[in-house]
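Okay, structure first, notes after.
All values below come from the heavy atoms of this structure, side chains included, with hydrogens, waters and symmetry mates left out. Protein chains get the first letters and strands the later ones, always in sequence-line order, with residue 1 at the start of each.
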There are 2 protein chains.
Amino acid sequence: MAALKPDQLDAVARVFRVLAEPTRLAILQELRRKPRTVNELVESLGAKQANVSKQLGILFDAGLLDRERSGNCVVYSIREPAIFELCEIVCGKLQRDARRQYATFAGKPRR
Amino acid sequence: MAALKPDQLDAVARVFRVLAEPTRLAILQELRRKPRTVNELVESLGAKQANVSKQLGILFDAGLLDRERSGNCVVYSIREPAIFELCEIVCGKLQRDARRQYATFAGKPRR
DNA sequence: TGAATATATCGCTGTTTGGCAATATAGTAA
DNA sequence: TTACTATATTGCCAAACAGCGATATATTCA
């Protein structure tokens, strides 16, 4: 892949920044199962309504979610399933790290 | 994939956070070509030595880089090539966004 | 030794941002 | 209309952090 220019790096960093937040990752994880209203997310995450709404706005503005009014409610859903590939790659790295950590304590030969 | 627990989400978010910074992405991009000393990065990035060193420390602590002393210098290199898969997925998303944006202006049928 | 170079760290500052309470807005139902 | 529910927004605060200059530490060489 060609080298990215500064403003392209900025754009990539901005996407990572959106994913760099546990509450937002939890929202994405919930929505992966099925679309949800704001209130459903508030309940399943145990977070405040204002905060869930704010984080949903950030995810939506980043183009990661779709939004649709349904009567009195607003239903959010995943627009970019590709984000879950990202999470899986990161999880793979964390598992490798954990294995290395374990090896440091337990894996070295006894003598 | 199974649902991630809160502290696993924290760990994933922490990795994304490390990648959510243009200077660090630029460093990774440079190191992808070949390993570099701090000074080489300072010159090629046009950044201050203190900042490059700080960002290298953050990347290293996150387990993304390897570090090796070579005489008077310290050579950094990529430890987790998987991060470039992450960047490519994000770039793919950005390209899709750009295409959508373009379609909004130019792609709709004229009449 | 001492000087020179390379890297890391410290203290600081301005900016960003997650979380909160309060409030505003939008839709529904009576 | 009024009351009610769902969602979004605003203003605030505290924590996190990138970038900076100055300085400390490490390594080499004379």
The correct set of residues in residues 8-32 of chain B placing a heavy atom under 4.0 Å from DNA chain D is B:Arg17, B:Glu21, B:Thr23, B:Arg24
Whole-Å distance, A:Leu56 CG to C:dG18 P, equals 13 Å
In sequence, state the C-alpha distance, the side-chain angles, and the governing distance for A:Glu80 and B:Asp97, and then conclude on side chain to side chain contact (heavy atoms under 4.5 Å, CB included).
-> CA-CA 10 Å; A:Glu80 282 282 356; B:Asp97 289 352; 4.1 Å; yes
Closest heavy-atom pair, B:Cys91 versus A:Val12, reported as atoms and distance to 0.1 Å, is SG-CG2, 4.1 Å
Check: residues 58-79 of chain B side-chain donor-acceptor pairs under 3.5 Å, at least two apart:
from    : atom 1 : to      : atom 2 : distance (Å)
B:Arg67 : NH1    : B:Tyr76 : OH     : 3.0
B:Arg69 : NE     : B:Gly71 : O      : 3.4

**Prompt:** Looking only at side-chain N and O atoms, does A:Tyr76 come under 4.0 Å of OP1 or OP2 in D:dA8?
**Reply:** yes
Rounded to whole Å, CG of A:Asp61 lies from P of C:dG18 at a distance of 12 Å
Shortest non-hydrogen pair, A:Glu30 vs A:Arg36, comes out as OE1-NH2, 3.4 Å
Side-chain donor-acceptor contacts of residues 46-54 of chain A below 3.5 Å, not counting sequence neighbours, with atom names and distances?
from    : atom 1 : to      : atom 2 : distance (Å)
A:Asn51 : OD1    : A:Gln55 : NE2    : 2.8

Looking only at heavy atoms, the pair that brings A:Ala82 and B:Arg96 closest together is CB-NH2, 4.0 Å
Between the CG atom in B:Leu28 and the OG1 atom in B:Thr23, the distance rounded to the nearest 0.5 Å is 11.0 Å
Distance col, row A:Ile27:CD1 vs A:Arg32:CZ, nearest 0.5 angstrom, shows 16.0 Å
In whole angstroms, the gap separating P of D:dA6 from NZ of A:Lys48 amounts to 16 Å
N/O contacts under 3.5 Å, protein versus nucleotides 9-14 of chain C?
none

Heavy-atom closest pair (A:Leu19 atom, B:Phe16 atom, distance to 0.1 Å) is O-CD1, 3.4 Å
I would like to know whether B:Leu94 and B:Val90 meet side chain to side chain contact (heavy atoms under 4.5 Å, CB included); could you show each step before the answer? CA-CA 6 Å; B:Leu94 292 172; B:Val90 172; 4.1 Å; yes
note: A:Glu68, atom CD; C:dA26, atom P; distance rounded to Å ~ 19 Å
Smallest heavy-atom separation, A:Arg17 atom then A:Arg24 atom, equals O-NH2, 3.3 Å
Residues in residues 35-43 of chain B with a heavy atom under 4.0 Å of DNA chain C, by number, are B:Thr37, B:Val38, B:Asn39
The reported gap from CG in B:Asp10 to NZ in B:Lys5 (rounded to nearest 0.5 angstrom) is 13.5 Å
Expected string for nucleotides 24-30 of chain D under the B/S/- scheme (protein heavy atoms, under 4.0 Å, primed atoms plus P, OP1, OP2 as sugar-phosphate) is --SBS--
Here the pair of heavy atoms bringing A:Leu25 nearest to B:Ala13 is CD1-N, 3.7 Å
